[in-house]
Novice: 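Structure provided below as structure tokens; questions to follow.
Just so you know, these numbers come straight off a predicted model, no measurement behind them. Note on naming: letters A, B, ... go to the chains in the order of the sequence lines (proteins, then strands), and numbering restarts at 1 for each one.
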Amino acid sequence: MESQPKIMIPDKKYPRVRFAPSPTGYLHVGGARTALFNWLFARHTGGTLILRIEDTDFERSSAEMVTGILEGMRWLGMDWDEGPFYQSQRLELYRATANKLLASGHAYYCFCTKEELEQRRSAAAATSQTPRYDGRCRKLTPADAARRKATGEAAALRFAVPLTGVTRFDDAVFGTLEFANEELEDFVLLRSDGIPTYHLSVVADDLDMGMTHIIRGADHISNTPKQVLQYQALGAPLPIFAHVPLILGSDKSRLSKRHGATSVMAYQEMGIVPEAFRNFLGLLGWSPGAAGKTADGKDRELFASEDLIQLFSLEGISHSNAVFDNDKLAWFNTEYIRAYPAERLLPLVAQEWKRAGYTPSRSTEENLLAIDLVKQRARNLKDFSTAFLAYFGDEFAFDPAAVAKFLGDAAVRGLLAEMAERYAALEVFDEATTEQALRAFAEEKGVKAGALINGSRVALTGQAVAPSLFAVMVCLGQERVAQRLRAAVTIA
RNA sequence: GGCGCUAUCGUCUAGGGGUUAGGACGUGAGAUUCUCAAUCUUAAAACACGGGUUCGAUUCCCGUUAGCGCUACCA
């Protein structure tokens with residue numbers, strides 16, 4: 001990791017928020033939503049978004065995961081103003097902060113070993129006592145502790161939580177939250193190897209980086225009093241906390257691998273359009289309230305990025321957890337695919353083709369026309385590399401079910417081949433003339449036009465599902481149509 | 001177990017002391033078409049339970065239940 005970017009001088013007139021993922025996994029759905037809310041808030045208020053990588057757990061963190069997280073943010077169209085900062089490169093700050101806390105008597109050295117602590121914890125659990133650090137090293141005199149530390153004895157630094165009283169803070173979504181200090185244990189600030197824990201580094205950084213709002217997952221609510229205590233010990237003003245409810249799987253348990261994809265990038269691979277995903281995520285745990293009504297009083301669902309930015313507010317964040325609904329995501333996806341102009345859809349489709357190892361054989365012009373023709377029927381980007389292949393080149397598969405349903409009759413196949421010559425001879429090849437030709441041919445042969453239409457559709461596209469047949473013909477072009485109809489005899 | 005948070009259709013949610021409790025996804029039915037999707041119409045579907053407060057509670061308060069979170073020298 002190269003040199004660290006500079007932190008700008010905090011200008012408290014505008015909010016400063018951060019997204020602070022831990023690179024122990026890819027960007028997951030919950031993290032992406034937290035990032036989105038921070039980004040939306042920053043953009044709405046004209047504030048600053050800082051990206052901070054919380055990699056103080058060296059064993060579980062990796063550079064690869066950082067890359068993945070940045071990739072996920074970019075895919076969703078989120079940018080950041082400062083960073084990424086790496087906590088692993090800011091260790092001095094944490095030590096300095098720890099020293100301040102030690103000097104002011106808010107922290108003390110603890111010489112208990114990990115094994116001892118574990119033993120006491122399990123002993124407490126066995127007698128159904130609340131397992132909590134008993135504060136025995138707190139009784140050591142500072143001089144004693146300093147001497148032992150000087151001899152090289154391993155020691156962690158713990159925060160001395162007040163024995164009585166309550167710690168209170170205002171949360172922008174949950175209101176005033178209050179915790180009894182006696183419920184809090186003397187948590188570790190610095191591990192015995194000198195590496196800070198999350199509790200210390202998060203406060204030191206949020207302070208140093210001038211954060212005004214802390215927007216993060218509700219799983220941090222219980223950690224917050226520990227952080228508030230540090231702000232107070234340091235004589236620093238509190239930022240505004242805003243805890244965002246969690247995202248749950250379909251069984252209402254916390255979203256995890258067994259619910260399907262948790263990595264944001266997996267949704268790209270599944271053919272989801274980034275804006276659809278962002279729209280969906282933005283509405284999970286947040287709603288614009290009355291501002292999101294349409295003229296006829298219905299709730300709006302479709303919000304472009306700019307709309308989300310304009311409407312976003314902390315007040316709209318809901319208090320309860322939300323279940324991730326794949327069906328609704330799929331619906332957003334089709335809405336966006338259909339609404340995109342072909343020019344905008346093409347790059348996404350091209351990416352999908354690349355991933356599928358497909359190269360279209362027609363021109364960009366023709367591809368754009370084809371995209372416009374078929375996008376109404378797309379549910380997913382994947383459709384463009386599977387069912388829609390016949391529109392972009394001559395290599396495509398025939399759906400066996402479609403063949404069986406509409407081309408099972410050899411007589412029909414023969415008629416199509418015969419009809420191919422009519423099409424080859426057509427002087428004007430547009431929707432009107434192609435339809436005319438087919439209906440005339442059907443009448444002449446004494447068969448239903450529908451049978452020829454359906455058969456042609458399969459012969460031309462390989463699918464039973466397609467746009468209007470004559471539009472398909474025009475899209476494919478005269479030569480191709482004649483060719484594929486001639487080949488009909490060989491299909492079944 | 002302790003502490004904390006939460007509770008409106010299956011799901012996302014709006015609303016709020018007096019409403020036919022609204023919308024969206026999904027689901028059912030019908031219409032339409034050249035297949036399918038779309039579209040249109042339409043149907044079913046919710047204030048977790050029990051006590052208060054109040055003329056009146058889904059809304060405010062308390063309790064119960066349930067779900068989730070935290071309970072590490074992880075973040």
Novice: Calculate the interatomic distance between Asp399(A) atom CG and U35(B) atom P; express it in whole Å.
Specialist: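 Answer to the nearest Å: 17 Å.
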
Novice: Which nucleotide in the list U11(B), U13(B), A75(B) gets nearest to the side chain of Val323(A)?
Specialist: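 Given the options U11(B), U13(B), A75(B), the side chain of Val323(A) is closest to U11(B).
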
Novice: Calculate, to the nearest 0.5 Å, the distance between atoms CG and CZ belonging to Leu381(A) and Phe388(A) respectively.
Specialist: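 Here the rounded value is 10.5 Å.
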
Novice: Picking from C73(B), C70(B), G26(B), which would you name as closest to the side chain of Asp327(A)?
Specialist: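 For Asp327(A), the side-chain atoms sit closest to G26(B).
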
Novice: Between A75(B), G69(B), U35(B), spot the one nearest the side chain of Asp219(A), thanks.
Specialist: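 Nearest listed nucleotide: G69(B).
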
Novice: Check Asp208(A) with Arg90(A), please: is the shortest side-chain N to carboxylate O separation under 4.0 Å?
Specialist: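 The answer is yes: the pair qualifies as a salt bridge.
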
Novice: As a test of reading the structure: which of A75(B), C70(B), C73(B) is closest to the side chain of Arg254(A), going by heavy atoms?
Specialist: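 Among the listed nucleotides, the one closest to the side chain of Arg254(A) is C70(B).
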
Novice: Between Arg52(A) (CZ) and A75(B) (P), how many Å, whole number?
Specialist: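 It works out to 12 Å between those atoms.
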
Novice: Applying a 4.0 Å non-hydrogen cut-off, can you work out what His220(A) is touching in the nucleic acid: base, sugar-phosphate, or nothing?
Specialist: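 His220(A): base contact, heavy atoms under 4.0 Å.
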
Novice: Please state whether the base of A75(B) and the side chain of Asp55(A) form at least one donor-acceptor pair under 3.5 Å?
Specialist: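 No such pair is found, so the answer is no.
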
Novice: Looking only at side-chain N and O atoms, does Ser287(A) come under 4.0 Å of OP1 or OP2 in A14(B)?
Specialist: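 Yes.
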
Novice: Among the candidates A75(B), C73(B), C68(B), find the nucleotide nearest to the side-chain atoms of Leu246(A).
Specialist: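 Of the options given, the side chain of Leu246(A) lies nearest C68(B).
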
Novice: With a 3.5 angstrom cut-off on both distances, give the Watson-Crick or G-U wobble partner of A72(B), or none if there isn't one.
Specialist: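 Across any shown strand, A72(B) pairs with none.
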
Novice: At 4.0 Å (heavy atoms only), tell me whether Thr56(A) reaches a base, stays on the sugar-phosphate, or touches nothing.
Specialist: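 Here Thr56(A) touches the backbone only, sparing every base.
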
Novice: Find the distance Leu373(A):CG to A38(B):C1' and express it as a whole number of Å.
Specialist: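 One finds 14 Å between C1' of A38(B) and CG of Leu373(A), rounded.
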
Novice: Can you identify which nucleotide, out of C74(B), U39(B), A72(B), has its nearest atom closest to the Arg338(A) side chain?
Specialist: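 Closest nucleotide among those given: U39(B).
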
Novice: Does any residue of residues 461-474 of chain A have a heavy atom under 4.0 Å from RNA chain B, and if so, which ones, in number order?
Specialist: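 Those residues whose heavy atoms fall under 4.0 Å from RNA chain B, taken from residues 461-474 of chain A in numerical order, are Ala464(A), Val465(A), Ala466(A), Pro467(A), Ser468(A), Leu469(A), Phe470(A).
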
Novice: For the residue pair Asn38(A) and His213(A), confirm or rule out a side-chain donor-acceptor distance under 3.5 Å.
Specialist: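 No pair is found: no donor N or O on one side chain lies under 3.5 Å from an acceptor on the other.
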
Novice: Quick check: on RNA chain B, is the nucleotide nearest Pro21(A) upstream (toward 5') of the one nearest Leu283(A), or the reverse? Name the residue that is more 5'.
Specialist: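 First, find each residue's nearest nucleotide; the 5'-ward one identifies Leu283(A).
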
Novice: Please determine if Arg158(A) and Glu185(A) form a salt bridge, counting it only when a charged side-chain N lies under 4.0 Å from a carboxylate O.
Specialist: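 Result for this pair is no, no salt bridge flagged.
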
Novice: Nearest whole Å is fine: how far is U11(B) P from Leu248(A) CG?
Specialist: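 Rounding to the nearest Å, CG of Leu248(A) and P of U11(B) are 11 Å apart.
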
Novice: Could you check whether Asp219(A) pairs with Arg254(A) (Lys NZ or Arg NE/NH1/NH2 to Asp/Glu carboxylate O, under 4.0 Å)?
Specialist: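 Yes.
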
Novice: Hey, what are the protein-to-nucleotides 1-6 of chain B N/O distances that come in under 3.5 Å?
Specialist:
from	atom 1	to	atom 2	distance (Å)
G2(B)	O2'	Glu183(A)	OE1	3.2

Novice: Identify whether any heavy atom of Ser201(A) sits under 4.0 Å from a base atom; if not, whether one sits that close to sugar-phosphate; answer base, sugar-phosphate or nothing.
Specialist: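 Result for Ser201(A) = nothing.
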
Novice: Name the closest nucleotide to the Trp331(A) side chain, picking from A38(B), G23(B), G26(B).
Specialist: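 Nearest to the side chain of Trp331(A) among the choices is G26(B).
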
Novice: Between Glu275(A) and Arg344(A), is there a side-chain N and carboxylate O pair less than 4.0 Å apart?
Specialist: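 Yes, this pair counts.
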
Novice: Does the pair Arg377(A)/Asp383(A) count as a salt bridge with the N-to-O cut at 4.0 Å?
Specialist: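 No, this pair does not count.
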
Novice: I'd like to know if Arg60(A) reaches the base of C74(B) with its side chain such that a donor and an acceptor end up less than 3.5 angstrom apart.
Specialist: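 By the distance-only test, yes, there is a pair.
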
Novice: Kindly give the atom pairs (protein nitrogen or oxygen, nucleotide nitrogen or oxygen) under 3.5 Å for nucleotides 18-22 of chain B.
Specialist:
from	atom 1	to	atom 2	distance (Å)
G22(B)	N2	Asp299(A)	OD2	2.2

Novice: Which base sits across from U27(B) as a Watson-Crick or G-U pair, both distances under 3.5 Å?
Specialist: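 Because both required distances fall under 3.5 Å, U27(B) counts as paired with A43(B).
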
Novice: Who does A38(B) pair with, Watson-Crick or G-U, both distances under 3.5 Å?
Specialist: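 Here A38(B) is not engaged in any pair, so there is no nucleotide opposite it.
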
Novice: Hey, are Glu118(A) and Lys114(A) close enough for a salt bridge, meaning a charged N less than 4.0 Å from a carboxylate O?
Specialist: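 No, no charged N to carboxylate O under 4.0 Å.
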
Novice: Name the nucleic acid region contacted by Cys110(A), choosing base, sugar-phosphate or nothing; use a 4.0 angstrom heavy-atom cut-off, strictly under.
Specialist: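 Cys110(A): no heavy atom of the nucleic acid under 4.0 Å.
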
Novice: Could you please name the partner base of U33(B), counting Watson-Crick and G-U wobble pairs only when both distances are under 3.5 Å?
Specialist: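 The base-pairing partner of U33(B), which may sit in any strand shown, does not exist here.
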
Novice: How many angstroms lie between atom CG of Leu238(A) and atom OH of Tyr231(A), to the nearest 0.5 angstrom?
Specialist: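 So the CG of Leu238(A) and the OH of Tyr231(A) are separated by 7.0 Å.
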
Novice: State which residue, out of His243(A), His319(A), His220(A), fulfils the ring pair (Phe, Tyr, Trp, His ring centres under 6.0 Å) condition with Phe174(A).
Specialist: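 Going through His243(A), His319(A), His220(A) one by one, the ring pair (Phe, Tyr, Trp, His ring centres under 6.0 Å) with Phe174(A) is satisfied by His319(A) alone.
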
Novice: Heavy atoms under 4.0 Å, any strand shown: does Leu117(A) hit a base, just sugar-phosphate, or nothing?
Specialist: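 Base contact.
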
Novice: Between U35(B), A75(B), G10(B), which nucleotide has the shortest distance from any of its atoms to the side chain of Asp325(A)?
Specialist: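 So the nucleotide nearest the side chain must be G10(B).
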
Novice: Using a 4.0 Å heavy-atom cut-off, does Asn223(A) contact any base of the nucleic acid, only the sugar-phosphate backbone, or nothing at all?
Specialist: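 Base: the residue Asn223(A), judged by heavy atoms under 4.0 Å, touches a nucleobase.
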
Novice: From CG of Asn326(A) over to P of U11(B), roughly how many Å is that when rounded to an integer?
Specialist: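 Checked: the CG to P distance equals 15 Å.
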
Novice: Within this structure, what is the CD-to-C1' distance between Glu182(A) and U71(B), rounded to whole angstrom?
Specialist: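 Checked: the CD to C1' distance equals 15 Å.
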
Novice: Taking pairing as Watson-Crick or G-U wobble with both contacts under 3.5 Å, can you name the mate of A48(B), or confirm there isn't one?
Specialist: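 With both distances under 3.5 Å, A48(B) matches U64(B).
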
Novice: Considering every strand shown, what is the Watson-Crick or G-U wobble mate of A21(B) when both distances are under 3.5 Å?
Specialist: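 Its partner is none (no Watson-Crick or G-U wobble pair with both distances under 3.5 Å).
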
Novice: Among Leu302(A), Leu329(A), Asp307(A), Asn333(A), whose side chain to side chain contact (heavy atoms under 4.5 Å, CB included) with Asn279(A) holds?
Specialist: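 Answer to the side chain to side chain contact (heavy atoms under 4.5 Å, CB included) test with Asn279(A) among Leu302(A), Leu329(A), Asp307(A), Asn333(A): Leu302(A).
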
